Structures are given as structure tokens and as C-alpha cells.
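Below, read A as the first sequence line, B as the second, and so on, with proteins coming before strands; counting in each chain starts at 1. This one's a predicted model, so the numbers in the text were calculated from it and none came from an experiment.
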There are 2 protein chains.
Amino acid sequence: MKLGEGVEAAIHCAAMLAGVDGNSTMSGAAMAEAFGLSPSYLLKHLNQLTAARILESVPGPAGGYRLARAAERITLLDIVLAVEGREPAFRCGEIRQRGPIKLDASAYVKPCGINTAMLKAERAYRAALAETKLSDIVANYAAEGDPRSIAASCAFVERHQRPQKSASSKQI
Amino acid sequence: MKLGEGVEAAIHCAAMLAGVDGNSTMSGAAMAEAFGLSPSYLLKHLNQLTAARILESVPGPAGGYRLARAAERITLLDIVLAVEGREPAFRCGEIRQRGPIKLDASAYVKPCGINTAMLKAERAYRAALAETKLSDIVANYAAEGDPRSIAASCAFVERHQRPQKSASSKQI
DNA sequence: GGACTGTTACTCGGATAAATGATGTCCGAGTTAACTTGG
DNA sequence: CCAAGTTAACTCGGACATCATTTATCCGAGTAACAGTCC
């Protein structure tokens, strides 16, 4: 029951990317610098977000990352699942049928009650994460964050975002 | 976001211990055999449950483990926290103040909104786990489990449980 | 025959190695901007 | 002066070491039952 450190970085980066203009991008190196992280390692997590269609990557000079869709359509669950994997935290190893009292398969058609209960809890966890959109994070930060911190963040974004010449609308 | 394998073993053992009579005990070796696990390693998890006051251990010959309180008063959350640790899965490393835009401490009195959202989800997870009592697991198994499996489990318990001569009521 | 004592075998408990996964780093493929050069 | 070609630098992407956590194991401390012995 421990989430990797990359989840925090991924969410912070996504929130920062929500502040860049339309089709502009921000390089992974800039975000790594903003949070004091290893650039090469942050790329690993950003690539996971890209593979999950949450971010888009633009190669070449003046390239970088950008949200693949509006912040209102990105939930914390999307990000967590992209970084940590989609499989549930509790994996039933069916140890009830690993001992000497192993019956034939017809006795284990019903799912393990323990597994059911654990998965129910995990559904609650994911539902709570799905309720929070990335735009909520940004809005909450804009509303309740310290004004100096907001100003510093906006200044950093303004300084490091790289506008793109074309491709303002990307059809998939 | 991955729970250790010991959680499953711990819950199964607790459920099995819920089937032993009053003050009888069952040895860790017996439970390890029942689930095909390494006896020495299972002891590690059982000790964690003992340290968390969920189980009681009786040393010596005819010793073993026993529930420390009624199954109605043990929740899945108790077991999970005992094995996996009590700290939340998401630990906010405050990476927002690790970069070059570090303001003075007065700008970070408000908790990080991301941390708040993640902890809210974790509260939902723990609440769902707290709703399920160990007695519910046992009752559900008795009601919906395969009759042959129930009979085999009961026979195993009957064969391996060790009644205690005295100390029927233990005051702490 | 009963009670005490020493032994013994069984239990838990913690200290000690191996393995898996997470973390961190490096170098290469690809792409686009800028520069150079010719018209 | 303009445009095409070339260069070059910057980007992402994946392959390669390093470290921590989890998993697994072994041996020792402790305890209660059991057998033997004395009263």
C-alpha cells in the first residue's frame, strides 16, 4: 500500500501544463527544474502519461509536452492509473486452493469473498479519485493558494512555455 | 499502488482463526500448510497482527495464535493497516517547494491541494475497508461458499486446533 | 499413589540473506529551427 | 533580397546501472507439557 513517488510528480506536472496557453508546450527539462527532480527520470513518467493519451509530446527544438485534452476531462484517476498501472492493488492469489485441501475446480467457481471485499474498497478509492478533475486542482490552487506562489508559478510558465507555429487543432 | 502478498495471507489466517473454538489456538505452521505458504515467512505477518493487538500468541507446546477479540470487532482495515503500515499510500513530498521558485515558509501554510485530494480518496478506501468486519467474511463464506470447501475447512480446523487448559478469559 | 523436578520438544520472535521492483542515469533516433549558400 | 539545402542543436524515447523494499530463510529465547524420581 504505497504509491510511487512518480505519481506526485506526474500530477504536479499535469497541473502546471494546464496553465500553458492553448497549443503551447513545455519541455520536460523545464518541469524537472521547477520541481527539483531528475530530468531523465521525470521523462519516464511523462512518457507513461503520453502513452495513456493524457499528454501529447512534440519533438524537436521548441518541443515539449502539452495536455492531450481539456483539464476538465482529465481526472486524478486517469493520471494515477497511467503511472501506477491499471491492475488493482489487491491481487487475489487464490491461496485458499494452494494447500493440501485442494478440491476440484467446481468448488471454486464463486469468487473469493475476501477478494470481493477488497475490490469493493478499491472501487471506492477509484471513484473518489475520478471525482476530482485536474481543473479542480488548478481552480482550488488559484482560489486558495498563496498569491506569491501563484505569481511565481505563472511567471515560470510564461517564461518556459514554447508556442507552436501551427497544428492548433489536432485530430486523432 | 500495490499491496503486499502478506495481506491476503493475513486475512485468510484471521478468517480461519475465527473458526476455532473460544480460547483454542492454531499454530502458524498449520496455517502455512493450509495455504501452501512458507511457515517462517507467514510468522512475520502473524507477528505484525500480534503487535497490532489483533491476534494473541501462546508460546510453548500446544501453543499458537488466536483472535484477540471477537470477529465482529475486527475489520479488514485493522488487518490491512497492521500488515501494510498505518501511513497513507500517497505521501506528499512537497516538491512544489523543492525547485528554484522557493518562497519563504509563510507561502506554504496551506496544505497542497493535490495531497488533500489524494488523502480524501484514501479516506474513502479506508472507510470501505472499515465497513467490512471479519465476521462478515466468515458469514458470507458460510452462506455462499461451496459446501465441500466449508466441510474441508472445518475439518482442517478441527484437526489442528489446540484447546487451552486455562486462561479462558484474558484481561488486559 | 501423588507431587516435585529435570528434561524435552514445540512454540514464537527477531536477526540475517536473496530477489523483485522501483529509482536514477545514460546514450541514441527523430525532428524542427536556424544558418549558410546559391540564384 | 529570397529560397532551398544543409547543418546542428534540442527534443523525446528506450536501454542500461543502482538502490530500496519486499520476500524468504535460519537460528535462538522462552514456555509448557511430559517423563522420571522421590516421598
With sequence neighbours excluded, what pairs up with A/R148 under the salt bridge (Lys or Arg N to Asp or Glu O under 4.0 Å) test? A/D146, B/D104
Only counting residues at least two apart or in another chain, list the ones meeting salt bridge (Lys or Arg N to Asp or Glu O under 4.0 Å) with B/E122. B/R126
Rounding to an integer number of Å, can you tell me how far [X] [atom1] sits from [N] [atom2]?
X      : N      : atom1 : atom2 : result
B/L43  : C/dG13 : CG    : C1'   : 8 Å
A/H160 : D/dT11 : NE2   : P     : 11 Å
A/L49  : D/dC12 : CG    : P     : 13 Å
B/M1   : D/dT21 : CE    : C1'   : 18 Å
B/L37  : D/dT22 : CG    : C1'   : 15 Å
A/E56  : D/dG13 : CD    : C1'   : 17 Å
A/L55  : D/dC12 : CG    : P     : 11 Å

[X] side chain: which of [options] is closest?
X      : options                : value
A/N47  : D/dG13, D/dA33, C/dT32 : D/dG13
A/S57  : D/dC10, D/dG13, C/dA9  : D/dG13
B/R162 : C/dT11, C/dG13, C/dT31 : C/dT11

Mind checking side chain to side chain contact (heavy atoms under 4.5 Å, CB included) for B/H45 and listing every partner two or more places apart, or none if nothing turns up? B/Y41, B/Q48, B/V83
Any protein N or O atoms within reach of nucleotides 18-25 of chain C? Criterion: under 3.5 Å, listing atom names and distances.
residue : atom : partner : partner atom : Å
C/dT23  : OP1  : A/E5    : N            : 3.1
C/dT23  : OP2  : A/Y41   : OH           : 3.3
C/dT23  : O5'  : A/Y41   : OH           : 3.3
C/dT25  : OP2  : A/S38   : OG           : 2.6

Looking at every non-hydrogen atom in both residues, tell me the closest pair between A/G28 and A/L46 and how far apart they are. CA-CD1, 4.1 Å
Under the side chain to side chain donor-acceptor pair (under 3.5 Å) rule, collect the residues that match up with A/D136, sequence neighbours excluded. none
Taking side chain to side chain donor-acceptor pair (under 3.5 Å) as the definition, give me every residue that meets it alongside B/S153, ordered by chain and number, with sequence neighbours left out. B/Y141
Within residues 1-23 of chain A or reaching into it, pairs that qualify as salt bridge (Lys or Arg N to Asp or Glu O under 4.0 Å) - sequence neighbours excluded: A/E5-B/R98
Please list all pairs meeting salt bridge (Lys or Arg N to Asp or Glu O under 4.0 Å) that have one or both residues in residues 87-96 of chain B, counting only residues at least two apart or in different chains. B/E94-B/R96
In numerical order, the residues of residues 26-36 of chain A whose heavy atoms come under 4.0 Å of DNA chain D are A/S27, A/G28
